[in-house]
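Right, one structure below, let's go through it.
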Amino acid sequence: MKRAVVLLSGGVDSSTTLAIARAEGYELYALSFDYGQRHVVELRSAEKVAEHLGVKRHLVTRFNMRDIGGSALTDEIEVPKISPEAQKRGSTELIPVTYVPARNTIFLSFALSWAEVVGAPDIFIGANAVDYSGYPDCRPEYLKAFETMANLATKISVEGKIKFSVVAPLLYLTKAEIIKKGRELGLDYSLTWSCYDPQPLGAEERKGGSEEVTNILVPKHSYVPCGRCDSCLFRERGFEEAGGRDPLIHAV
């Protein structure tokens with residue numbers, strides 16, 4: 001069976017990418033990261049999605065990007081709470097503060113290392129160049145450049161045993177198209193997490209149980225999505241355009 005390493009954050013895009021790789025017959029090696037991110041709660045979702053889709057192995061690698069900082073996700077910088085469109089109109093800087101310096105390069109480097117060890121020629125990433133926040137390391141030219149580097153930098157490729165490919169099946173899909181694809185493949189989106197700025201449930205709110213006090217289904221989480229960051233807004237719009245409701249959110 002052909003093998004693939006799949007970057008899995010637990011969000012809509014990476015989870016759909018994992019479902020696509022499974023549908024294409026790969027033996028799945030899912031790779032997630034605990035890198036000091038503000039929204040570390042996403043790792044719970046990654047674990048559930050990995051189990052749901054039956055991966056061969058789910059590896060969580062830990063390192064601390066808070067030592068570097070420079071991002072609202074890894075530093076004491078407020079996560080913006082206006083729409084991505086409004087943010088772009090109000091600033092000459094199109095790359096938001098939620099960009100984590102060189103994150104995809106770091107993630108793909110770990111994936112490449114693991115792919116060389118397990119003999120997986122294909123590395124899947126849920127990068128998207130349509131409904132996204134403008135991150136430079138989601139562009140097709142970046143992914144192609146990394147693929148070229150991968151085949152120059154590894155023993156297994158230099159010896160001609162493997163030619164690595166960076167596979168980004170969602171690159172030119174809208175969020176709605178991504179969600180429709182995932183539904184076709186049987187992906188349970190209630191397991192996923194997108195919010196950059198999780199909000200804790202108050203102790204007094206939890207006494208009555210999640211269904212009584214909130215319209216967010218979080219029976220195993222102590223956090224709820226903020227509903228206002230870029231990632232929440234892209235997710236909300238995607239489900240609206242795909243038809244139906246976000247299964248993580250129930251209308252009151």
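Owing to the predicted nature of the structure, the values given are computational and were not obtained by experimental measurement. In this chain, residues are counted from 1 in sequence order.
- Sorted pairs that involve residues 145-165 and meet ring pair (Phe, Tyr, Trp, His ring centres under 6.0 Å), not counting sequence neighbours, are lacking altogether.
- Checking side-chain atoms of S45 against main-chain N and O of L191 turns up a donor-acceptor pair under 3.5 Å.
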**Report entry** Residue pair R235, W193: steps toward the side-chain contact (heavy atoms from CB on, under 4.5 Å) verdict
**Finding:** CA-CA 10 Å; R235 179 182 177 120; W193 182 272; 5.7 Å; no
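- Between the side chain of S9 and the main chain of G11, a donor-acceptor pair closer than 3.5 Å is present.
- Y26 and D122 share a donor-acceptor pair across their side chains, judged by distance under 3.5 Å alone.
- The minimum heavy-atom distance between L53 and L28, with the atom names listed, is O-CD1, 4.2 Å.
- For R38 and S71, the side-chain atoms include no donor-acceptor pair closer than 3.5 Å.
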Could you tabulate the donor-acceptor pairs under 3.5 Å formed by side-chain atoms of residues 99-107, not counting sequence neighbours?
from : atom 1 : to   : atom 2 : distance (Å)
Y99  : OH     : A102 : N      : 3.1
R103 : NH1    : Y35  : OH     : 2.8
N104 : ND2    : D137 : O      : 2.8
T105 : OG1    : Y142 : OH     : 2.8

**Report entry** Stepwise salt bridge (Lys or Arg N to Asp or Glu O under 4.0 Å) test for K144 and E147
**Finding:** CA-CA 5 Å; K144 188 64 178 177; E147 179 179 283; 3.1 Å; yes
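- We find the OG-CG distance between S165 and N151 to be 7.0 Å, quoted to the nearest 0.5 Å.
- Residue E177 places its CD atom among more than 12 non-hydrogen atoms of other residues, nucleotides or ligands, all under 6.0 Å distant.
- Nearest heavy atom pair, residue P225 against residue C232, reads CB-SG, 3.9 Å.
- Hydrophobic clustering (ILVMFWY, side-chain heavy atoms < 4.5 Å, transitive): L59 and V40 are in distinct clusters.
- A heavy-atom distance below 4.5 Å is found between the side chains of L108 and L7.
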Query raised in the report: Is there a salt bridge (Lys or Arg N to Asp or Glu O under 4.0 Å) between R66 and E76 once you walk through the steps?
Result: CA-CA 9 Å; R66 284 190 173 272; E76 299 307 314; 3.6 Å; yes
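- A donor-acceptor distance shorter than 3.5 angstrom exists from the side chain of R183 to the backbone of A242, with no hydrogens or angles considered.
- Grouping the Ile, Leu, Val, Met, Phe, Trp and Tyr side chains by contacts below 4.5 angstrom, directly or via other members, places V5 apart from L43.
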Query - side-chain contact (heavy atoms from CB on, under 4.5 Å) assessment of V6 paired with L31 - result: CA-CA 6 Å; V6 184; L31 180 58; over 6 Å; no
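- Within 6.0 Å of CD in E78 there are 12 or fewer heavy atoms belonging to other residues, nucleotides or ligands.
- Panel note: side chain E241, backbone F239; no donor-acceptor pair is recorded below 3.5 Å.
- R139 places a side-chain N or O within donor-acceptor distance of the main-chain N or O of P136, the cut-off being under 3.5 Å.
- In this structure, Q37 contributes its side chain and F33 its backbone to a donor-acceptor pair below 3.5 Å.
- Judged by distance alone, with hydrogens and angles left aside, the side-chain atoms of N128 form no donor-acceptor pair with the main-chain N or O of C138 at under 3.5 Å.
- Linking Ile, Leu, Val, Met, Phe, Trp and Tyr residues whenever their side-chain heavy atoms come within less than 4.5 Å places I95 and Y196 in a single cluster.
- A single hydrophobic cluster is not seen to contain both L73 and V60; linkage of ILVMFWY side chains at heavy-atom distances under 4.5 Å, directly or through other members, places them apart.
- Partners of E159 according to the salt bridge (charged side-chain N to carboxylate O under 4.0 Å, His left out) rule, which considers only residues two or more places apart in sequence or in another chain, are K155, K161.
- With no hydrogens or angles considered, no side-chain donor-acceptor pair links T17 and S14 at under 3.5 Å.
- The existence of a salt bridge linking D188 and K48 is excluded, since no basic side-chain nitrogen approaches an acidic carboxylate oxygen closer than 4.0 Å.
- Between T16 and Y189, the side chains place a donor N or O and an acceptor N or O closer than 3.5 Å (distance only, hydrogens not considered).
- Judged by distance alone, with hydrogens and angles left aside, the side-chain atoms of S231 form a donor-acceptor pair with the main-chain N or O of S194 at under 3.5 Å.
- With hydrogens and angles ignored, the 3.5 Å screen pairs no side-chain donor or acceptor of D75 with any backbone N or O of I77.
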**Report entry** H39 vs C195, side-chain contact (heavy atoms from CB on, under 4.5 Å): CA-CA, chis, key distance, verdict
**Finding:** CA-CA 7 Å; H39 55 307; C195 180; over 6 Å; no
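- Judged by distance alone, the side chain of W114 and the main-chain N or O of E116 form no donor-acceptor pair under 3.5 Å.
- For the pair Y172/P140, a side-chain contact is recorded, criterion being any heavy-atom separation below 4.5 Å from C-beta on.
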